[in-house]
2 protein chains.
Amino acid sequence: MLIFLNIAKALSDENRVRALMMLSRGELCVCQLIEMLGLAPSTVSKHMSILRQARLVRARKEGRWMYYSLPDEDAPRCVLEAVQWVQNAIAKDKQIVADGKQVKRVSKLDRDKLCACYKKG
Amino acid sequence: MLIFLNIAKALSDENRVRALMMLSRGELCVCQLIEMLGLAPSTVSKHMSILRQARLVRARKEGRWMYYSLPDEDAPRCVLEAVQWVQNAIAKDKQIVADGKQVKRVSKLDRDKLCACYKKG
DNA sequence: CCTATACTTCGTCATATAACGAAGTATACA
DNA sequence: TGTATACTTCGTTATATGACGAAGTATAGG
């Protein structure tokens, strides 16, 4: 029950659902998510840790960068079905479609320019 | 997105998930849910209205009694998939199994005795 | 080493949510 | 036409959550 509730709670925040769907095309690092969500780094980090604890994302550290991605096929069925459900339910949502375009844009950016998100504040 | 978030939020509370699963064997009236959940009538009523707004349950009024049931096949796909997901995820949960037994017990009770839940407080 | 970078953790604040009891509404029955 | 019943709505309170900035940690590069 706790596992299930953690997943449901993780999915009950718009920014977390957006972040999750942004990973549909492949892994992203935190600074890319910060740029697209327009939230403070600490906020995004917290959101990702909630998604991670629910097993809805995997994390991989490479040097200074932390990459997040969707779960693989080995993940619990409960998790995979949740991801499926989200994708079916909101793939056509206005915000999610716009975010898909953002992912393409941000993926092309130079990382130096991208991580300017830290310098803004 | 809002529709999806309403469903996710509705599913992120243990008592609401329990109530939802209690309806698996068929419709129940509010006083039966009050008895099984062990919560105040106003609390259960609020929970059911949240589930209802998310379209996760249907409501039918018959005389003084309000009956709640799971959605039928005409419900939005998003809703049906959510219900499926919950059922697959927690059907074997200890609490949910125990609740299943409670449903059988309560269904056999005389309504006069049952609605004593109002007289307790 | 020392500094910059890329996060994460912590502390704080404002808002959201779950619980309750009291009061309100709608229906059956005397 | 009261009165009891079966909820629902409202107001309050305690706790949970999401946002931020400041401080902490880990890694790369000079």
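All values below come from the heavy atoms of this structure, side chains included, with hydrogens, waters and symmetry mates left out. Throughout, a chain's letter reflects where its sequence line sits, starting with A, and its residues are numbered from 1.
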Ranking D:dT27, C:dA26, C:dA19 by distance to the side chain of B:K61, first place goes to C:dA26
Whole angstrom is fine here: how far is it from CD in B:E14 over to C1' in C:dA18?
-> 13 Å
Quick one: B:I34 CD1 to C:dC20 P, roughly how many Å, whole number?
-> 11 Å
Given B:V103 and B:Q32, is the side chain to side chain contact (heavy atoms under 4.5 Å, CB included) satisfied, shown in steps?
-> CA-CA 8 Å; B:V103 172; B:Q32 292 174 309; over 6 Å; no
Determine whether more than 12 heavy atoms belonging to other residues, nucleotides or ligands lie under 6.0 Å from atom CZ of B:R77.
-> no
Would the number of heavy atoms belonging to other residues, nucleotides or ligands and lying under 6.0 Å from CD1 of A:I3 be above 12?
-> no
Taking atom C1' of D:dA19 as reference, at what distance in whole Å does atom CZ of A:R18 sit?
-> 15 Å
Select one nucleotide: of D:dG18, C:dA6, C:dC7, the one nearest the side-chain heavy atoms of A:I50.
-> D:dG18
Result of checking B:M66, B:H47, B:E35 against B:V30 for side-chain contact (heavy atoms from CB on, under 4.5 Å) | B:M66
For A:Q53, look at atom CD and say whether over 12 heavy atoms of other residues, nucleotides or ligands are found less than 6.0 Å away.
-> no
Think A:R16 has a side-chain N or O under 4.0 angstrom from the OP1 or OP2 of D:dG18?
-> yes
Calculate the interatomic distance between A:L28 atom CG and C:dA6 atom C1'; express it in whole Å.
-> 15 Å
In whole Å, what is the span from the CZ atom of A:R64 to the P atom of D:dA28?
-> 8 Å
Return the nearest nucleotide to the side chain of A:L39; candidates are C:dA28, D:dA19, C:dG21.
-> D:dA19
Exactly one of A:R55, A:R60, A:R58 clears salt bridge (Lys or Arg N to Asp or Glu O under 4.0 Å) with A:D72, and that residue is A:R58
Spacing of A:L37 atom CG relative to D:dG18 atom C1', expressed in whole Å = 13 Å
Counting heavy atoms not belonging to A:R25, are there more than 12 under 6.0 Å from its CZ?
-> no
Do B:M48 and B:L33 come within less than 4.5 Å of each other through their side chains, counting heavy atoms only?
-> yes
CD of A:E62 versus P of D:dA26: gap in Å, rounded?
-> 19 Å
For C:dT17, take OP1 and OP2 only and decide whether either is under 4.0 Å from a side-chain N or O of B:H47.
-> no
Below 3.5 Å, can you tabulate the donor-acceptor pairs from side chains in residues 82-90 of chain A to any protein atom, sequence neighbours excluded?
from: A:W85; atom 1: NE1; to: B:C78; atom 2: O; distance (Å): 3.0
from: A:N88; atom 1: ND2; to: A:Q84; atom 2: O; distance (Å): 3.4
from: A:N88; atom 1: ND2; to: B:E81; atom 2: OE1; distance (Å): 3.4

In terms of side-chain heavy atoms of B:W65, which of D:dA6, D:dG21, C:dA6 is nearest?
-> D:dA6
All N/O contacts under 3.5 Å from nucleotides 8-12 of chain C to the protein, with atom names and distances to one decimal?
from: C:dT8; atom 1: OP1; to: A:Y68; atom 2: OH; distance (Å): 3.0
from: C:dT8; atom 1: OP2; to: A:S45; atom 2: OG; distance (Å): 2.6
from: C:dT8; atom 1: O5'; to: A:S45; atom 2: OG; distance (Å): 3.2

Spacing of B:E35 atom CD relative to D:dA6 atom C1', expressed in whole Å = 15 Å
Quick one, which residues of residues 1-12 of chain B touch DNA chain C with a heavy atom under 4.0 Å?
-> B:K9
